[in-house]
Amino acid sequence: MNEHGDLLSIQEVRERLTKGLPLVLNADANWNREYLQTKQDYLENYMAKNLYRMQTTLESEYNTETWKKGKKVTYVELLPLDGIEQTPQKKQESNTETGVNFTYYKTNNPDLFWTIPK
């Protein structure tokens, strides 16, 4: 949450972590409801790695992960500017077993990554 108690989106938490802005940890944020977490351990150590590099499908649709011959799936990955593997910006490959064609894009632009699909 932010300092006013408003719940934040993934994008907002990521931005606040990178800019050093206040974040408030939910009281019930813990591992399988067994161990209480501190803000430092949970947000800045555990969650930071999960928010560092993100990937999503370009089109969110039914059966996206059902592989069948001739299917085309496109992913977009958000990397920080100092992230590893910045290139190639576009990579295409085909799975010889399933016949699925994959396209992978990389971007450092969070505004582009978080754009709502048309």
Side-chain angles (χ1 to χ4, degrees):
M1 297 177 283
N2 66 16
E3 61 274 19
H4 306 293
D6 301 321
L7 293 176
L8 301 171
S9 69
I10 294 169
Q11 177 185 12
E12 292 168 321
V13 172
R14 187 175 188 271
E15 287 174 7
R16 285 177 167 264
L17 279 172
T18 59
K19 294 178 180 176
L21 296 173
L23 285 165
V24 178
L25 185 63
N26 299 20
D28 62 350
N30 56 61
W31 187 76
N32 293 337
R33 299 198 180 265
E34 292 181 22
Y35 305 104
L36 292 178
Q37 298 288 316
T38 65
K39 177 182 170 274
Q40 173 74 28
D41 285 340
Y42 188 73
L43 288 176
E44 296 175 15
N45 294 332
Y46 178 73
M47 285 305 294
K49 71 175 175 54
N50 295 327
L51 299 172
Y52 183 75
R53 187 175 183 178
M54 305 178 86
Q55 186 180 65
T56 188
T57 54
L58 187 62
E59 296 179 20
S60 179
E61 60 188 0
Y62 174 76
N63 252 358
T64 298
E65 295 182 346
T66 301
W67 308 141
K68 62 181 180 179
K69 188 174 178 84
K71 185 169 186 165
K72 296 177 181 178
V73 183
T74 303
Y75 291 98
V76 178
E77 182 176 20
L78 176 61
L79 296 171
L81 289 172
D82 64 346
I84 58 171
E85 300 176 26
Q86 297 285 326
T87 58
Q89 293 289 311
K90 178 181 178 183
K91 178 176 136 184
Q92 294 180 296
E93 60 185 44
S94 295
N95 184 304
T96 55
E97 292 180 23
T98 63
V100 177
N101 298 302
F102 296 95
T103 303
Y104 300 92
Y105 290 99
K106 295 181 181 184
T107 184
N108 301 115
N109 183 338
D111 294 332
L112 179 63
F113 183 83
W114 295 109
T115 299
I116 297 173
K118 295 179 181 179

Test: Glu3 and Arg16 ion pair at under 4.0 Å: yes
Asn95 side chain to Gly99 backbone, donor-acceptor under 3.5 Å: no
Straight-line distance of Asn108 CG to Leu78 CG, nearest 0.5 Å: 7.5 Å
Close side-chain approach of Leu79 to Tyr52, heavy-atom, < 4.5 Å: no
Heavy-atom neighbours of Ile10 CD1 exceed 12 at 6.0 Å: no
Value rounded to 0.5 Å, distance of NZ in Lys91 from NZ in Lys106: 7.0 Å
Closest contact, heavy atoms only, Gln86 versus Leu81: NE2-O, 3.6 Å
ILVMFWY network linking Leu17 to Trp114, side-chain heavy atoms under 4.5 angstrom: yes
hydrophobic_cluster_shared for Val76 and Val73, side chain cutoff 4.5 Å: no
From Tyr105 atom OH to Thr74 atom OG1, the distance as rounded to the nearest 0.5 Å: 6.0 Å
Test item: side-chain donor near acceptor, Asn101 and Glu93, under 3.5 Å: no
Arg14 side-chain N/O to Leu51 backbone N/O, donor-acceptor pair under 3.5 Å: yes
Cluster check Phe102, Met54: I/L/V/M/F/W/Y, side chain < 4.5 angstrom: no
Sidechain-backbone polar pair: Ser94 side chain, Thr96 backbone, donor-acceptor under 3.5 Å: no
Flag if over 12 foreign heavy atoms under 6.0 Å of CD, Glu61: yes
Separation between NZ of Lys71 and OG1 of Thr66, rounded to the nearest 0.5 Å: 5.0 Å
